[in-house]
Amino acid sequence: MARKALTYIAATLLSLAAGAALVTMDGLDRRARQQAAQTEVLYQLGIVRSRLEGLLHAAMLTTRGIAAPLQMRGDIEPTAFDHFARQIIDPQSHVRNLALTRDTLITRAYPDKSVIGSDIRNYPEQYAANRRAAELRGPVVTGPTALIQGGRGIISRLPVFAPDEDGQPGRHIATVSVAIDLDRLIERSGVPEAVQSLDLAIRIRGDGGIPGGAVFGAPSLFDTDAVLVDAVFPGGVWQLAARPRSGWEAASGDRTVPRLLGGSVLALLCGTLFGLAYYANWLDRTRQAAHDSERRYRTLVDTAPVAIFIHQDGRIVFANGEALRLADAATPDALIGRRILDLVHPDWQPVARRSVAELSAERTTAEERVMTLAGRHAVVEVTAAPFVFGGRPAVLVAAHDVTRRREAEARVREMNRGLERTVSERTRALEEALDALRRAKEQAEAANRAKSLFLAHMSHELRTPLNAIIGFSEAMRLGAFGDRTIRECDAYLADISRSGRHLCALIDDILDLAKVEADELVLQDQLMAPGDVVEQGILLVRQRADDAGIILDNTLPSDLPLLTADPRRVLQVLLNLLTNAVKFTPEGGRVTVAGRVEADGAMVLEVADTGIGIAPEDIELVLKPFGQVTSALQRNHDGTGLGLPLARRFMEAHGGSLVLDSAPGIGTRAICRFPPERVRRPAAPAADGFPAAVAETD
């Protein structure tokens, strides 16, 4: 009787223990499922946070891309601002507008220029944020806030400070702001995809704006058991909250069947124990208890969320339900008896074969690629250890499918690489802009040097004839030459006249150049004979050539057609070229004038000399106003440096060109080319034998 009581007591205690174990298992299973659901929500929330941080970081880089040249130059032209802004914000569809604020006025904007001229003091939120950025001397992000151009959005501001004498930020000169379209930002950050399965909300924390300001979703979500993450970027912190739409219990899966199954098992176990206690002896009850224990073990293994394989001699002898799902097997018979290596990807089989051979003594954990019976590839984390099954040595393999996790990690890595490429491209664009600014600075310095050279040059060129005029006239006025007659003072009067004409010619050259530069030169076109103009030019320089011992040759063909051109300007071109040729040709040299009509109908007039020549790298210099190979204080020949630039501009005004072909020690050939439309050929003789009127070329 006592043994029977003990048996029933033992049966009762075993039933209570089984019930406690079932409750514990149910609690553990519930927590495990909730943790899995939280992990999935955290993963989706991490993707949204990564995209959101990337987009906001890109917007901050947009303000820095404008702030850098502004800090260097102190200001930025509207066209340059538009150019920089277009390159920076066009690829960013979430950026609505880029603006530059000086004091309280918006002076630059792209692409919406309707805000230019707006005074931000009329918009208290905007004015307060602007002052806050200047006080913090760093970036500030505010919003959602009302935009000047209408609607609401996020605004990122970056104050710009002029560098002081030590190169450190000094006086606040402007604020660069970028308006971000909130709806586009939310769309591009992946929120629409996430809210299909989640309740999601976003709010601002810390210095990112008004503390607790809602950006998206219901603020009350932050007071629930939602998962929270922070999105951090320069100027602020945003907090994201999310939970499954159906709640954590529903997201953890339906546990009704496991509970019913557990209850059934518990009831069956209790009935079996009490039945055996009533109908069998102690040995039968012990054997039944062992059998029930094995069934519990198999139940635990079959319901485990991890794929479990047992193989002996490389062949599968056991696989639980999760293992069937992982291997795409319909029934256990599809796996039992198969080689374990048949489930390993062919590329990984050599490594897996060595691992199987080394499992006889220790536990091993690794990541492998598998190929299921359906041909599907998956990535699994495998833990394998020696095991005894059926009294024989075996290997127990626990595998967890991590394919989705690895794919998500690969997508995150790709997004990071894309962000790095974007940052690299923006950096390269900024470097190119800085290079352009440096080149502009060098050009400005070159222009300043040219101005200084011009002043030094012109002071010499103007002072020389003026001194002659003033000196001779003052001497004559004061009677420095005694009682000499006017005839005896002719030489001094000639010097005064020559100096005056030289000064007048110099001023005429400067005025002509000014007209050309201002595009105010008007040509007095008429039909003219090139030969007449050439003869007139040679006549004007012949005395100078004879004095210098230089031969002047006119090889111009007599049958050259007429030109429609301004004779005065053409004569000025030829006279400048002939004067330069005589000036830079040594005694005994030769200056030749030639002409021809080319195949395309254009007329070419050439002035060639055997003078000192010009180095190829200096040709472009001498064609610039006041450009000379040597400085104004070191040159061996007089002149202002305006002759060749004026000749070139006059030829361009005729639609033609002036090209120099020269080499040091050989000479220079100046080629003037008139376009075909200015050449007028005589028509063929008429039937009566008299020449017809002049005909135009095509």
- [ ] For the pair Ile204 and Val215, evaluate side-chain contact (heavy atoms from CB on, under 4.5 Å) and give the outcome as yes or no after the intermediate values.
- [x] CA-CA 7 Å; Ile204 298 176; Val215 177; 3.6 Å; yes
TODO: Let me see the working for Phe309 and Val317 under side-chain contact (heavy atoms from CB on, under 4.5 Å), right down to the final yes or no.
DONE: CA-CA 8 Å; Phe309 300 88; Val317 295; over 6 Å; no
TODO: Apply the test salt bridge (charged side-chain N to carboxylate O under 4.0 Å, His left out) to residues Asp82 and Lys113: give CA-CA distance (whole Å), side-chain angles for both, the deciding distance (0.1 Å), then the verdict.
DONE: CA-CA 10 Å; Asp82 290 352; Lys113 298 184 180 298; 2.8 Å; yes
TODO: Walk me through it: do Val379 and Glu407 pass the test side-chain contact (heavy atoms from CB on, under 4.5 Å)?
DONE: CA-CA 10 Å; Val379 180; Glu407 291 175 350; over 6 Å; no
Task: Leu396 and Phe318: CA distance, side-chain angles, deciding distance, side-chain contact (heavy atoms from CB on, under 4.5 Å) verdict - done: CA-CA 9 Å; Leu396 185 145; Phe318 174 82; over 6 Å; no
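Here the rule is side chain to side chain donor-acceptor pair (under 3.5 Å) with Thr142, and of Arg132, Glu125, Arg157 only Arg157 fits it.
Residues Leu240 and Val48 meet the side-chain proximity criterion, which asks for heavy atoms closer than 4.5 Å. Residues Arg96 and Val178 are not in side-chain contact: their nearest non-hydrogen atoms beyond the backbone lie 4.5 Å or more apart. Within the 4.5 Å cutoff, the side chain of Leu343 has no heavy atoms near those of the Thr372 side chain. A 4.5 Å side-chain heavy-atom check between Asp199 and Pro244 finds every atom pair outside the cut-off. No side-chain heavy atom of His400 sits less than 4.5 Å from a side-chain heavy atom of Val380. Counting heavy atoms from C-beta on, the side chains of Leu200 and Val191 come closer than 4.5 Å. Side-chain contact between Leu52 and Leu185 is present, with at least one heavy-atom pair separated by less than 4.5 Å. In this structure, the side chains of Trp238 and Ile154 come closer than 4.5 Å at one or more pairs of heavy atoms.
Residue Arg406 holds its CZ atom at 10.5 Å from CG of Asp401, rounded to the nearest 0.5 Å. Rounding to the nearest 0.5 angstrom, the gap separating the CD1 atom in Ile202 from the OG atom in Ser189 is 5.5 Å. Distance CD/Gln38 to CD/Glu40: 12.0 Å, rounded to 0.5 Å. Distance CZ/Phe216 to CG/Asp183: 9.5 Å, rounded to 0.5 Å. For the atom pair CG of Leu373 and CG of Asp328, the computed distance is 7.0 Å after rounding to the nearest 0.5 Å. Distance check: Arg245 CZ to Ser197 OG gives 8.0 Å after rounding to the nearest 0.5 Å.
In terms of the salt bridge (Lys or Arg N to Asp or Glu O under 4.0 Å) criterion, Asp112 has no residue partners (sequence neighbours excluded). Applying the side chain to side chain contact (heavy atoms under 4.5 Å, CB included) test to Glu414 and every residue at least two apart in sequence or in another chain returns Arg417, Arg421.
Nearest heavy-atom pair, Val306 versus Ala399, reported as atom, atom and distance to 0.1 Å: CG1-O, 3.3 Å. Nearest approach of Ile76 to Leu70, heavy atoms of both residues: N-CD1, 4.0 Å. Minimum heavy-atom separation, Ala109 to Val115: CB-CG2, 3.6 Å. Closest heavy-atom contact between Gly138 and Pro159: O-CD, 3.2 Å. Scanning all heavy atoms of the two residues, the minimum distance from Ser177 to Ile155 falls at CB-CG2, 4.1 Å. In this structure, Val160 and Ala67 approach most closely via the heavy-atom pair CG2-CB, 3.7 Å.
Note on Arg405 versus Glu381: salt bridge recorded, some NZ/NE/NH1/NH2 to OD/OE distance being below 4.0 Å. A salt bridge does not link Arg49 to Asp230: none of the charged side-chain nitrogens sits closer than 4.0 Å to a carboxylate oxygen. Ion pair Glu322/Arg325 flagged as a salt bridge, since at least one NZ, NE, NH1 or NH2 atom sits closer than 4.0 Å to an Asp/Glu carboxylate oxygen.
Remark: side-chain polar atoms of Arg243 are not paired, donor with acceptor, to backbone N or O of Asp225 under 3.5 angstrom. For Thr175 (side chain) and Asn130 (main-chain N/O), no donor-acceptor pair under 3.5 Å exists by modelled atom type. The main-chain N or O of Val232 is found under 3.5 Å from a side-chain atom of Glu53 such that the two form a donor-acceptor pair. A distance-only check finds a donor-acceptor pair linking the side chain of Gln312 to the backbone of Phe389 [under 3.5 Å]. In this structure, the side chain of Gln44 does not engage the main chain of Ala242 through any donor-acceptor pair within 3.5 Å. Between the side chain of Asn320 and the backbone N or O of Ile308 there is at least one donor-acceptor pair closer than 3.5 Å. Judged purely by atom type and a 3.5 angstrom limit, Thr427 uses its side chain to pair as donor or acceptor with the backbone of Val423. A donor-acceptor distance shorter than 3.5 angstrom exists from the side chain of Arg338 to the backbone of Ala334, with no hydrogens or angles considered.
In Arg404, the CZ atom is not crowded: 12 or fewer heavy atoms of neighbouring residues, nucleotides or ligands sit closer than 6.0 Å.
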